[in-house]
Amino acid sequence: MKQIIITVLTQALATCRAQGQLPAEATTEINVDRTRDSKHGDFASNIALVLAKPAKLNPRVLAEKIIAAIPATPTIAKVEIAGPGFINFFLQQDSIFAVVNTVLSQRERFGRSTIGAGQRIQVEFVSANPTGPLHVGHGRGAAYGSALASVLTAAGYNVDREYYVNDAGRQMDILAASVWLRYLELCGEAVVFPTNAYKGDYVWDIAATLHRDNAERYRTAWADVTGDLPADEPQGGDKEDYIDAIIARMKTLLSADDYRKVFDLGLHVILDDIRDDLQRFSVNYDQWYSERSLADSGAVQRALDKLQQNNHTYHHDGALWFRSTAFGDEKDRVLVRDNGQTTYFASDVAYHLDKFERGFDKVVNIWGADHHGYVPRVKGALQAMGIDPNRLTVLLVQFAILYQGGHKVQMSTRSGEFITLRELRKQVGSDATRFFYVMRKSEQHLDFDMDLAKSQSSDNPMYYIQYAHARVNSVLRKAEEKGWGFDQASGLAHLNLLTESHEQALLTALARYPEVIESAAKYYEPHQVTEYLRELAQHFHTYNNAHKFLVDDAALRNARLALILAVKHVVYNGLTILGVSAPESM
RNA sequence: GCCCUGGUAGCUCAGUGGAUAGAGCAGCCGCCUCCUAAGCGGCAGGUCGCCGGUUCAACUCCGGCCCAGGGCACCA
């Protein structure tokens, strides 16, 4: 509909130019918006205000000329000048009713758009290190990424959802060491657990599995482990140096093969847990991409070669550096450490090169806000390798703060005490958790009110929306019980009986849905969908309260049922995008 | 110090250059003989952090300042 108006305005402007009423150089992008107030019609354009200056005309005079040049269009009933020079468009009633027909025939396809057609886009999200269960911070990234991917799919993009598995690197070594030390404890060794090791209970579980399946095969005397190692933090040493020394010792005491077995057990147990957790959260992936595979396949070396060939690297202090300052970063970054090991950053350069080599037109990374400092170096590396950095969008998700009983829920990632996503889902439920996570725009700090999310009242926006869906269903059931059923053909034939202001408002709301999807996709903002659904549900509940649907007049009754059935479809479509269920009854 | 986010009603937040800045909650007053009251209506509530600038038009864009949170590794 909006497109029709833009087309019509484009034609009108061309006519004005042809008649010499508007200078040829007076051009601008045509802006058409829905009006806030129905007195201003259905759509409005500010075109006359924008072009008034270049046209050297009073905006209202220019608006007159534009309106005079607008070709007759069946869907437009009336065009008016208002205020300082707005052009207001009033739609034909028939084209307003048409949305019901469209929704009922397209059903779950209603709202899909083609703005992304032919474009491949990758959304990478969560990608938490498999060193422990997901916590509530990851949950927000999961809900947001998943909803965004669905929005983009609805907008016509070919979307690929990916989880980057950090299955290499120091943190994973620390996990392997943590598992092994707990295992030694189970074997009866008097282990003093390192300050910097992972202390969560899940580490005990993995160690127990290791012990159950392998008995004492990996056992070493604790004295042989610590031997001549530096002191840990409580003894005045450095906890980082200490844990690194433990890892090195573990690698010498176990064969490479055995080390890998312990390492992989931890990795697989935790990754399986994460997979399970996300699946229960209705978050699914097309690809789980292994960091280790980048090194194994030589992709990391290829990326380093590429940077070196393009003269963007140098050697210093025994390390290989990327000159990221040449691309706006605040300092240069190490790719290969003086000990010969590549950095996480080197893997990430290779990973991002690989993403674009896989043929994605656009790549979206969803990161925690604490990683924002990382953006310039990754974009810099892409540019250094000859890839347009604007094809990569990094979306930063701020932290979620949980509130319960009016108080902030204390969280500490230290000593393994944190609220897991699983625990949150268990307490609040998957639907409400997902809804609350995406209710706010991602760059906003989120105050997550667990009591509200759990409450089954209209105060809870998710229940409010779900209830609209269930309520339509309830009315339809009642129609069956009364022996009337629902005659869709009759309803569609009598849409012109829907003249109440509540009905008109609802029709407009339904027609807005495709625009909301496009906007949410364009700005990567799924929260627009939650906002919209709340408004739609509100229009519905208000209507329900003001008018009876199941009236004796069959024509009116069927028309109303057609309208509310359309509402049901749209609520379903929107909730589905958000990963929230739409119950038939509540 | 530098970099990223925020600052809009008592609280939580929409508002992505337009018309009189909106919603939910909290507060006050009302609405079930009726398809689910898990609902609806009304009242009250604002220096859009502050100061400049751009524009016909600024909560929105630009600059400076103040406040809050986060980030500034040869960790991941």
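In what follows, chains are A, B, ... by sequence order, proteins preceding strands, each numbered from 1. Heavy-atom basis, side chains included; hydrogens, waters and symmetry copies ignored.
Using a cutoff of 4.0 Å between basic side-chain nitrogens and carboxylate oxygens, A:R170 and A:E240 are scored as salt-bridged. The residues A:E503 and A:R560 are annotated as salt-bridged, a charged nitrogen and a carboxylate oxygen being separated by less than 4.0 angstrom. Taking a cutoff of 4.0 Å between a charged side-chain nitrogen and a carboxylate oxygen, A:R377 and A:D348 do not qualify as a salt bridge.
Using a 4.0 Å heavy-atom cutoff across all strands shown, A:H541 reaches sugar-phosphate atoms only and no base atom. A:L452 comes within contact range of no nucleotide atom at all, as no heavy-atom separation falls under 4.0 Å. A:S474 comes within contact range of at least one nucleobase, with a heavy-atom separation under 4.0 Å. Nucleic acid contact for A:K482: none, since no nucleic acid atom lies under 4.0 Å from a heavy atom of the residue. Nucleic acid contact class of A:A479 (heavy atoms, under 4.0 Å, all strands): none. Using a 4.0 Å heavy-atom criterion, one finds that A:Q456 contacts the bases of the nucleic acid, with or without backbone contacts as well. Backbone-only contact: A:A168 has heavy atoms under 4.0 Å from sugar-phosphate atoms and none from a base.
Taking the P atoms as reference points, B:G52 lies 24 Å from B:G10, given to the whole Å.
Legend: salt bridge (charged side-chain N to carboxylate O under 4.0 Å, His left out) pairs involving residues 457-482 of chain A, not counting sequence neighbours, sorted by first then second residue: A:K478-A:E481. Residue pairs that meet the salt bridge (charged side-chain N to carboxylate O under 4.0 Å, His left out) test with at least one member in residues 317-332 of chain A, sequence neighbours left out, are A:D329-A:R333. Among residue pairs with one or both ends in residues 447-458 of chain A, none qualify as salt bridge (charged side-chain N to carboxylate O under 4.0 Å, His left out); sequence neighbours excluded.
For B:C32, the base adopts the syn conformation, since its glycosidic angle falls within 90 degrees of zero.
Under the side chain to side chain contact (heavy atoms under 4.5 Å, CB included) criterion, A:P230 pairs with A:A245, not counting sequence neighbours. In this view, A:R34 and A:E515 satisfy the salt bridge (charged side-chain N to carboxylate O under 4.0 Å, His left out) rule, not counting sequence neighbours. Residues passing the side chain to side chain contact (heavy atoms under 4.5 Å, CB included) test with A:N58 are A:R60, A:V61, sequence neighbours excluded. Considering only residues two or more places apart in sequence or on other chains, A:A44 meets the side chain to side chain contact (heavy atoms under 4.5 Å, CB included) condition with A:T35, A:N88. With sequence neighbours excluded, the residues that form a side chain to side chain contact (heavy atoms under 4.5 Å, CB included) with A:D431 are A:M462, A:Q466, A:V580, A:S581.
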Please list, pair by pair, any protein nitrogen or oxygen found under 3.5 Å from a nitrogen or oxygen in nucleotides 70-74 of chain B.
| residue | atom | partner | partner atom | Å |
| --- | --- | --- | --- | --- |
| B:G70 | N2 | A:H372 | ND1 | 3.4 |
| B:G70 | N2 | A:H372 | NE2 | 3.3 |
| B:C72 | O2' | A:E330 | OE2 | 2.8 |
| B:C74 | O2 | A:D338 | N | 2.9 |
| B:C74 | O2 | A:D338 | OD1 | 3.2 |
| B:C74 | N4 | A:D317 | O | 3.4 |

Please write out the pairs of protein N or O atoms and N or O atoms of nucleotides 55-57 of chain B separated by less than 3.5 Å, giving the distance to one decimal.
| residue | atom | partner | partner atom | Å |
| --- | --- | --- | --- | --- |
| B:C56 | OP1 | A:K53 | NZ | 2.3 |
| B:C56 | OP2 | A:K53 | NZ | 3.3 |

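Using a 4.5 Å heavy-atom threshold, the side chains of A:F345 and A:L335 count as touching. Considering only heavy atoms from C-beta on, A:E124 stays 4.5 Å or farther from A:V364 through its side chain.
The stretch residues 544-562 of chain A touches RNA chain B through A:N544, A:N545, A:H547, A:K548, A:F549, A:L550, each having a heavy atom within less than 4.0 Å of the strand.
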Pairing string, 5' to 3', for RNA chain B - Watson-Crick or wobble contacts under 3.5 Å, brackets [ ] where pairs cross, | to another strand: (((((((..((((....[...)))).(((((.......))))).....(((((..]....))))))))))))....

